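Accompanying notes for the structure given below.
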Amino acid sequence: MTTDEITDLLTEAYVDELETVMNYLTNAIVLDGVHAEEVKESLEADVQEELEHARMLGNRLKQLEQSPPGSAAFEASQSGLQPPEDTTDVQSVIEGVLEAEEDAIETYQSLHEAATEANDPVTEDVAVTILSDEEAHRTEFRGFQKEFPSD
Ligand SMILES: [Fe+2]
Ligand SMILES: [Fe+2]
């Protein structure tokens, strides 16, 4: 059984994933310098994974006889992930990624909880699958953060 809470969370997560795709792609393109290469490669790989998350969420909405949204109602929220003015400021991008991954983890935990309550195991499975990817992304960027201690 589905609930409004589930479809709202699926829709919110879908939009967030697409904003993440845009910001990771942009930062993978703009960063400069010797410290940037690994972070850029990692962002590039994550773009594909975040896009796949959006695809899974959109397909789940379709199965629930809903439609994922187009861009008309889109409101940006990832202020921490805007490309830095100083394109060698890899640290600010790392901090922005960690913030985005934390937000995503919270959303998928909520989705998992709502799906469990509603006895919707298919949505639960989607939530757990994506949650495990987001936790892996967070771990990877925590590793990068260790090389760029905040001052
Ligand atoms: Fe994602
Ligand atoms: Fe992620």
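None of these values were measured; they are calculated from a predicted model. For this chain, numbers begin at 1 and follow the sequence in order. For ligands, and for the atoms within them, numbers begin at 1 and follow the listed sequence.
- Salt bridge status for D133 with R138: absent, with no side-chain N to carboxylate O gap under 4.0 Å.
- With 3.5 Å as the limit, one finds a donor-acceptor pair spanning the side chains of H53 and E50.
- If you chain together hydrophobic residues whose side chains sit under 4.5 Å apart, I29 and V39 fall into the same group.
- Within a 6.0 Å radius of CD in E135, other residues, nucleotides and ligands contribute more than 12 heavy atoms.
- Within the protein, the N, O or S atoms sitting under 2.8 Å from the Fe ion (ligand 1) are E17 OE1, E17 OE2, E50 OE1, H53 ND1, E134 OE2.
- By the side chain to side chain contact (heavy atoms under 4.5 Å, CB included) test, E37 pairs with K40, sequence neighbours left out.
- With hydrogens and angles left out, the side-chain atoms of H137 and E134 include a donor and acceptor closer than 3.5 Å.
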